[in-house]
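Structure, as structure tokens:
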Amino acid sequence: MSSPQAFDSLATAYDQTFSQSQIARWLRGRVHARLANYWREGQSVLELGSGTGEDTLHLGGRGIHVTATDVSDAMLDIARQKTQELSNVTFERLDLRDLPDDKLLGPYDGVFANFGVVNCIGDWSQLAQWLAKRVKPGGIVAFGVMSRFCLWESAWHLLHLQPRTAFRRWDGVSTFQPDPTQPAINIYYPLVRRLRKDFHNEFRQKSLTPMGFFLPPSDAFGVVEKRPRLFALLTEMEELAMQRPIFASFADHYWIEFERLP
Ligand SMILES: C[S@@+](CC[C@H](N)C(=O)[O-])C[C@H]1O[C@@H](n2cnc3c(N)ncnc32)[C@H](O)[C@@H]1O
């Protein structure tokens, strides 16, 4: 066992409080639809920050060889249990702040990190160089990234007279301490152009999709989920927003895809 991590304390309740919520499931479904365009049975994919393994289970169930990694042993334990029937899924502890030269060499057909994993690091050029050595030419690298300016979050917390929380992302970094016995960690909010710049030597940006422009961030899931007609309306509007990359910087997350240059 390695040293305890900030996310360990969230692992047990993560699926109940987040993964199983209607909005998270809807958004994850959209991510799965995109990934289905890229990877087929028998191909190899590296997952960063796999959490409790919801996406690992989905891709592994489709016969894709998934190497799922996370810094949190508690998260990895849950993901391992969830996928124990799948011999094509393997796990390894990986800290994105300390990328090893000699491990996880692939080569992979693709790499992904869903729901804010790359927000846990503040230098994406190192990640880009590390991935460039591991992804096949033409392979897809895709991230679900928390945006800098989430309009829903700002409006919601201003309405609740919480101005600090309302603008916590706007400086580009905030702190997160789910477990008071563990040190706080920094959460960074890269602009799209920053990621594009950090990846541009080895990768070409392929697509950009807003995720959670009309649908709220997790703090406010409940207010929409208990109103089925509102949920139906917002998901319809979200489908339209997803076709407009311009909304990406103001949504809760954006989904960005890069292609490894030959
Ligand atoms: C919000 S969760 C997302 C989990 C999963 N990808 C999902 O879609 O549900 C963020 C994950 O990133 C992991 N994480 C945080 N910092 C990390 C780091 N430095 N290296 C690797 N994983 C990290 C956490 O342990 C956690 O499992």
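We count ligands from 1, going down the list as the structure has it; atoms in each ligand are counted the same way. A quick note: this is a predicted structure, and the numbers were derived from the prediction, not measured. When reading the values below, keep in mind they use all heavy atoms of this one structure, side chains included, and skip hydrogens, waters and symmetry mates.
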Tell me: protein heavy atom nearest [atom], and distance?
{"atom": "atom 12 (O) of ligand 1", "value": "Val117 CG2, 3.8 Å"}
{"atom": "atom 27 (O) of ligand 1", "value": "Asp70 OD2, 2.6 Å"}
{"atom": "atom 1 (C) of ligand 1", "value": "Phe115 O, 3.2 Å"}
{"atom": "atom 6 (N) of ligand 1", "value": "Gly49 O, 2.7 Å"}
{"atom": "atom 19 (N) of ligand 1", "value": "Asp95 OD1, 2.9 Å"}

Check ion pair [X]-[Y] (N to O, under 4.0 angstrom):
{"X": "Arg28", "Y": "Asp55", "result": "yes"}
{"X": "Lys82", "Y": "Asp15", "result": "yes"}
{"X": "Glu202", "Y": "Lys133", "result": "no"}

Tell me whether the rings of [X] and [Y] are parallel (<30°), tilted (30 to 60°) or perpendicular (>60°).
{"X": "His253", "Y": "Phe115", "answer": "perpendicular"}
{"X": "Phe258", "Y": "Phe199", "answer": "parallel"}
{"X": "Trp170", "Y": "Phe149", "answer": "perpendicular"}

Regarding ligand 1, does [X] bring an N or O atom to under 3.5 Å of one of the ligand's N or O atoms?
{"X": "Ser19", "answer": "no"}
{"X": "Phe18", "answer": "no"}
{"X": "Glu47", "answer": "no"}
{"X": "Leu96", "answer": "yes"}

Please classify the [X] to ligand 1 contact at 4.0 Å (heavy-atom distances, strictly less than): side chain, backbone, both or neither.
{"X": "Phe7", "value": "side chain"}
{"X": "Ser50", "value": "backbone"}
{"X": "Arg28", "value": "side chain"}

Would you mind running through ligand 1 and noting each atom that sits below 4.0 Å from a heavy atom of [X]?
{"X": "Met75", "answer": "27 (O)"}
{"X": "Ser72", "answer": "25 (O)"}
{"X": "Asp55", "answer": "8 (O)"}
{"X": "Leu94", "answer": "20 (N), 21 (C)"}
{"X": "Tyr14", "answer": "1 (C), 2 (S), 3 (C), 4 (C), 7 (C), 9 (O)"}

- Heavy-atom proximity to atom 22 (N) of ligand 1, best of Ile78, Val71, Leu27, Asn119: Val71

- Note on the structure: Out of Cys120, Ala68, Ser218, the nearest non-hydrogen contact to atom 16 (N) of ligand 1 is supplied by Cys120

- Message: Taking the side chain as everything from C-beta on, heavy atoms only, tell me whether Phe213 gets closer than 4.5 Å to Phe250.
- Response: yes

- Task: Verify the ring-centre separation between Tyr254 and Phe143: is it less than 6.0 angstrom?
- Result: no

- Heavy-atom pair with the smallest gap, counting every atom of Pro210 and Met242: O-CG, 3.3 Å

- Message: Looking at Leu76, is its backbone amide N or carbonyl O close enough to the side chain of Ser50 to form a donor-acceptor pair, meaning the two atoms are under 3.5 Å apart?
- Response: no

- Determine, step by step, whether Arg169 and Asp252 satisfy the salt bridge (Lys or Arg N to Asp or Glu O under 4.0 Å) criterion, reporting the C-alpha distance in whole Å, the side-chain angles of both residues, the deciding distance to 0.1 Å, and the verdict. CA-CA 10 Å; Arg169 303 187 190 191; Asp252 183 29; 2.6 Å; yes

- Query: With a distance cut-off below 6.0 Å to the six-membered ring centre and an angular limit of 45° from the axis, does Arg260 pair with Phe203 as a cation-pi contact?
  - Reply: yes

- Query: Strictly under 4.0 Å, does any heavy atom of Arg97 approach an atom of ligand 1?
  - Reply: yes

